Amino acid sequence: MSIAPAQVELICIGNELLIGKTLNTNAHWLAKRITTLGLLVRRITVVGDDVDEIASAIRESIQRKPVFIITTGGLGPTFDDKTLEGVAKAVGQELKENREALEMIKKKYRQYQAEGRIEKFEMTQYRVKMARLPEGAKPLPNPVGTAPGVLLKWGDVNLVMLPGVPQEMMAIFEKSVVPLLREVAGNLTFYEASLKIRGIAESDLAPIIDHVMHRNPYVYIKSHPKMSEKTHRIELHLSTTSDSQSIAKQRIERAIIEISELIREKGGRIQPVQT
């Protein structure tokens, strides 16, 4: 028996992602981290710094009813940081100055002044902007930066807004978001393994994968060619999710044995990949 993992959607916000200036490492990191926690990343969307685009993406995601929608980017003090405005528009709430968020930000700027990073402590309108949250939202402490993360429960959906700076995003995620995800995931465990395959073309490997997945319905197998098909160098990735780590491991091991035997029969060579 397999339990379906809770679904998560990621919405990454920033013109820099759309024009190719910045590589979307946040999506890559979050997808892998969320998967290892036993949840399923169902969709990753990228939109620009536009209130209507952000609101539209949020609304569409809410309609699909994932347990979590996590956004990255657009929480800072500048004119193009529009995530919270977009989220507020999507759910029909006003942006209001949040006292807890404001105190977090004040504390940070006092710290920066004490460290000599700024000359004087002053809460300008741009700094106060980071404390204007959708009504009903809760700020999440930022251990390494200024702008707090934001959590907004909207019906059965948890909206989580994280900064775009990777170090800040990761710090808030680990401190404040991981406990929420673990609570939802329960005992679900993600287990994976990889094999290096040589000497067999991907087109010849395809029916073998289909056969083994049919016999092992809870194991997902994906082939990743490393160069052109005629080089016959392929990485095979096997994964499963279960509420028992021992069962998850047994599923993968059984699938590896079956697929390895069939690949060797076709003249292929196999090498486990350390993960």
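Nothing here was measured: the structure is a model prediction, and the numbers come from that model.
A distance of 5.0 Å separates CD1 in I197 from CD1 in I270, rounded to the nearest 0.5 Å. A distance of 5.0 Å separates CG in L10 from CD1 in I44, rounded to the nearest 0.5 Å. With rounding to the nearest 0.5 Å, the separation of OG in S246 from CZ in R251 is 10.0 Å.
Annotation: salt bridge (Lys or Arg N to Asp or Glu O under 4.0 Å) contacts involving residues 30-39, sequence neighbours excluded, comprise K32-E192, R33-E174. Counting only residues at least two apart or on different chains, no ring pair (Phe, Tyr, Trp, His ring centres under 6.0 Å) pair has a member in residues 61-105. Annotation: ring pair (Phe, Tyr, Trp, His ring centres under 6.0 Å) contacts involving residues 9-49, sequence neighbours excluded, comprise W29-F173. Applying the salt bridge (Lys or Arg N to Asp or Glu O under 4.0 Å) test to every pair with at least one member in residues 130-144, sequence neighbours left out, gives these pairs: K96-E135.
Remark: R64 pairs with E9 by the side-chain hydrogen bond (donor to acceptor under 3.5 Å, both in side chains) rule, at least two apart or across chains. In terms of the salt bridge (charged side-chain N to carboxylate O under 4.0 Å, His left out) criterion, K222 has no residue partners (sequence neighbours excluded). Applying the salt bridge (charged side-chain N to carboxylate O under 4.0 Å, His left out) rule to R215 yields the partners E258; only residues at least two apart in sequence or on another chain are considered. Every residue two or more places apart in sequence or in another chain was checked for a salt bridge (charged side-chain N to carboxylate O under 4.0 Å, His left out) with K21, and none qualifies.
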Donor-acceptor contacts, no H, no angles, side chain residues 110-118, under 3.5 Å, sequence neighbours left out:
| unit_1 | atom_1 | unit_2 | atom_2 | d |
| --- | --- | --- | --- | --- |
| Q111 | NE2 | E115 | OE2 | 3.1 |
| Y112 | OH | T146 | OG1 | 2.7 |
| E115 | OE1 | R117 | NH1 | 3.1 |

What donor-acceptor contacts under 3.5 angstrom involve side-chain atoms of residues 99-109, with partners at least two apart or in another chain?
| unit_1 | atom_1 | unit_2 | atom_2 | d |
| --- | --- | --- | --- | --- |
| K108 | NZ | N142 | O | 2.9 |
| K108 | NZ | P143 | O | 3.4 |
| K108 | NZ | G145 | O | 3.3 |

When the side chains of residues 149-165 are checked against the rest of the protein, which donor-acceptor pairs come out under 3.5 Å, sequence neighbours left out?
| unit_1 | atom_1 | unit_2 | atom_2 | d |
| --- | --- | --- | --- | --- |
| K153 | NZ | N158 | OD1 | 2.7 |
| N158 | ND2 | V67 | O | 3.2 |

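Applying the under-4.5 Å side-chain rule to Ile, Leu, Val, Met, Phe, Trp and Tyr, the cluster around I257 consists of that residue alone.
Looking at S242 and S244, their side chains never bring a donor and an acceptor atom within 3.5 Å of each other.
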Derivation of the side chain to side chain contact (heavy atoms under 4.5 Å, CB included) call for E85 and L95: CA-CA 7 Å; E85 188 179 350; L95 280 180; 4.0 Å; yes
